[in-house]
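Keep in mind that this is a model prediction, so the values were computed, not measured. We number each residue from 1, following the sequence as shown. Excluded from the calculations below are hydrogen atoms, water molecules and symmetry mates; all remaining heavy atoms, backbone and side chain alike, are included.
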Amino acid sequence: MARSQPRILILGGGYAGLHLARLCATHFSRIASITLIDASDHWCERIRFHQLAAGQELPRYAYAQMLSSLNVEFVQAQVESIQPKERCVIARSCNGNLEAIDYDYLVLALGSRIVAPPGLQSMLTLNDAAQAEIIHDRLKAISKPKVLIVGAGLSGLECAFELAETYPEARITLADSGRLKPMNQPGGFSREAIQYLQAAAERLGIDWRSDSRAIASGNGIVTFADGTAEAFDLCLLTAGFRPSPLISAAGLEVDERGCALVETDLSCKGYPEVLAIGDCAAISTASSGPLRMSCAAALPAAIGAVNTLVARLNGESAPEFAFHYVFRNVSIGRHDGLIQFVSSHDIPMSEIWTGRKAAEWKDFICKCTVAELGLGEEPLMPHEPPQNIFPGLLAMQKLYETPRRRGEMRTEHGFTTG
C-alpha cells in the first residue's frame, strides 16, 4: 500500500531556497508535499541592496503569492532549531507559538549574514532591505556626510561606488584590508581590473585606504590595526559573512566558518536526507574547487539539490554536483562596471570588460537571475561574450539541465502520485 507523500522542507527563501522551491514544484508537485519556511514574508534582490541604500526602489515579492501558484506551502516563521536525528524542525510562528515540523527530506538554504567581530558591533550592514533603507534615511538626514565602508569585497565596492555616484557631496572612504591585490588565485582580480576599479574610485572621489584592517569602532571613530583612525557620520560593515549558527547547533559537521560540510551530491555528512545549498554550505567540486558565497553559485546548487532529490525518490544513486566559474561582475554605479572573466576555478583571466558595456552586462545578469526565479521576462543578451569564454558558458548551461522532468518520476518505491 502506498504511504503518504514524502515531505520536502526547505529552510530559507533566498536565491537558493526560492529557486529550489520552484524546481521542486516542477518535478514533485504531484508526488510530494513541498514547504518553504522563511522569517520574512517577502523576497527582494539581495545583490541590489546597495541600490536600496542609495535610495533607489526595488520590487518586493510576497512569498505566499509566489509559491501558492506552484502548490508550495509557505510558512512565515523563525527557525529555532534543527533536529536531524528526529527529522524535525522547531519554528516560532509570527504569533510566537512554537511548532514542530516533520520532514522526509530537508534542504538547508539559510544563506549568510554579516556578523560583526568584537569591537565593531556598532556598524551598520546590508543584511536585509530594512537595514539598507535605514542607511538611506541617515544619509538623507546629514549634510555632506562622512561615510566609512569597512570591507572592499564585492559588496563593499558596489556600495561605495553606488553611494559616491548618488551623493557626490559625501566624503566616502573605503577601508580595504588587503583583499584587492593582483593575485593568481580564486576570487582575485587581474592587475588591469584592479587598476580600473581604483581609477573609478578616484574619479568618484572615494578615498581608498589600502591595508586598513578595522579593529574598533565607537563615538564616531574607527581605529585600524596600524594605529590610525578615521572619523565618520555613517559606518557600514560589508565584510564578515557567516552562515546561520543553527547548522552547527544541530550537530551537523561544519567547516571553520560554520558552513555545513556536504558530500558530492550536496547531502550533509552522515545525513543523506539533509541537503545544504547556497551560502550556508561548504561546497567544493572537481571542476571549480571551493565555491565562494555568491548568488552565482546558489542557483546552480539548487539544481544540484533537485537532481539529488530526484535520485533519492527513485531509489537511485545521486549524481555528483558540478560547477564552473565563468565571470565576476562589479557595478560601478548605474553606467559603469567591470566584468572579470575567470577560469573554471575562479582564477582571474586577462580578459575584462569595462564601462557601459560591463554595466549593461551586469544588469543583464541581474535580470537573468530574476527570470530564473520566475519573477520576470528573460532579457536579451546585450553583448556577445568573448569567444574564449564560450566553452565555460556552455559548461555552465549544461548544469541547468536536470535529469528528469515531471511525469518521468518512478512511483514504485511506495510514494503515491497524489
| said: Quiz question: by atom type and distance under 3.5 Å, do the side chains of S267 and D265 form a donor-acceptor pair? | reply: yes
| Counting only heavy atoms not in E57, do more than 12 sit closer than 6.0 Å to its CD atom? | no
| query | To the nearest 0.5 Å, how far apart are NE2 in H324 and CG in L394? | reply | 10.5 Å
| task | Measure the spacing between CG of L18 and CG of L373 and express it to the nearest 0.5 Å. | result | 5.0 Å
| query | For D38, does its backbone N or O pair with a side-chain atom of Y63 as donor and acceptor, under 3.5 Å? | reply | no
| Heavy atoms of other groups near E86 CD, more than 12 under 6.0 Å | yes
| request: Decide yes or no for P117 and L237: does some side-chain heavy atom of the first lie under 4.5 Å from some side-chain heavy atom of the second? | output: yes
| task | State whether R48 and E162 are salt-bridged, where the test is any N-O pair (Lys NZ or Arg NE/NH1/NH2 against Asp/Glu carboxylate O) under 4.0 Å. | result | no
| message | Is it the case that over 12 heavy atoms from other parts of the model lie below 6.0 angstrom from the CZ atom of R334? | response | yes
| Taking side chain as C-beta onward, heavy atoms only, is C24 less than 4.5 Å from L309? | yes
| task | List the atom of E45, the atom of W43, and the distance in Å for their closest heavy-atom pair. | result | CG-CH2, 3.6 Å
| field | R328 charged N/C atom sitting above F189 aromatic ring, 6.0 Å / 45° | value | yes
| Would a distance-only check, ignoring hydrogens and angles, find a side-chain to backbone donor-acceptor pair under 3.5 Å from Q340 to M349? | yes
| query | Please walk me through it: do W208 and Q198 pass side-chain contact (heavy atoms from CB on, under 4.5 Å)? | reply | CA-CA 8 Å; W208 194 320; Q198 291 174 335; 3.8 Å; yes
| query | Donor-acceptor pair, R92 side chain versus Q78 backbone, under 3.5 Å? | reply | no
| Hey, what do you get for CG (L236) to CD (Q131), rounding to the nearest 0.5 Å? | 9.5 Å
| Salt-bridge contact R7-D104 (side-chain N to carboxylate O under 4.0 Å) | yes
| field | G258 backbone acceptor or donor facing S248 side chain under 3.5 Å | value | no
| So do Y167 and K144 actually touch side chain to side chain, heavy atoms under 4.5 Å? | no
| said: Do L291 and Y325 make a side-chain contact, defined as non-hydrogen atoms from C-beta onward lying under 4.5 Å apart? | reply: yes
| request: Verify the neighbour count for atom CG of N95: are there more than 12 heavy atoms of other residues, nucleotides or ligands below 6.0 Å? | output: yes
| request: Report the C-alpha distance between V262 and I277 in whole Å, list the side-chain angles of each, state the deciding distance to 0.1 Å, and finish with yes or no for side-chain contact (heavy atoms from CB on, under 4.5 Å). | output: CA-CA 9 Å; V262 297; I277 58 176; over 6 Å; no
| request: Give a yes or no answer on whether the side chain of S212 reaches the backbone of S210 with a donor-acceptor pair at less than 3.5 Å. | output: yes
| Got more than 12 heavy atoms from elsewhere within 6.0 Å of CD, E202? | no
| Point-to-point distance, once rounded to the nearest 0.5 Å, from CD of E169 to CD1 of I142 | 11.0 Å
| task | Check R356, K362, K357, R203 against D336 for a side chain to side chain donor-acceptor pair (under 3.5 Å) and give me the one that passes. | result | R203
| Test item: S190 and F341 side chains (from C-beta on) under 4.5 Å apart, heavy atoms | no
| field | Lys/Arg cation over aromatic F224: R209, 6.0 Å, 45° cone | value | yes
| Check against side-chain contact (heavy atoms from CB on, under 4.5 Å), M293 and C259 | CA-CA 10 Å; M293 293 180 175; C259 295; 3.8 Å; yes
| remark: Distance col, row D207:CG vs E230:CD, nearest 0.5 angstrom, shows 6.5 Å
| If only atom types and distance count, is the side chain of N97 paired as donor or acceptor with the main-chain N or O of S93 below 3.5 Å? | no
| task | Please report the C-alpha distance between I332 and L204 in whole Å, then the side-chain angles of each, then the deciding distance to 0.1 Å, and finally whether the side-chain contact (heavy atoms from CB on, under 4.5 Å) criterion is met. | result | CA-CA 10 Å; I332 302 174; L204 289 167; 4.2 Å; yes
| message | Strictly distance-based, threshold 3.5 Å: is any side-chain N or O of S29 a donor or acceptor partner for the main-chain N or O of T26? | response | no
| Where is the tightest heavy-atom contact between G12 and L36, given as atom of each residue plus distance? | O-CD1, 3.9 Å
| field | Within-4.5 Å side-chain heavy-atom neighbours: P385 and F327 | value | no
| query | Between D41 and R60, is there a salt bridge with N-O shorter than 4.0 Å? | reply | no
| task | Measure the spacing between CD of Q185 and CD1 of I347 and express it to the nearest 0.5 Å. | result | 8.5 Å
| field | Whether S287 side chain and F323 backbone form a donor-acceptor pair below 3.5 Å | value | yes
| Is the shortest heavy-atom distance from the side chain of T238 to the side chain of H50 under 4.5 Å? | no
| Any L154 side-chain heavy atom under 4.5 Å of S294 side chain | no
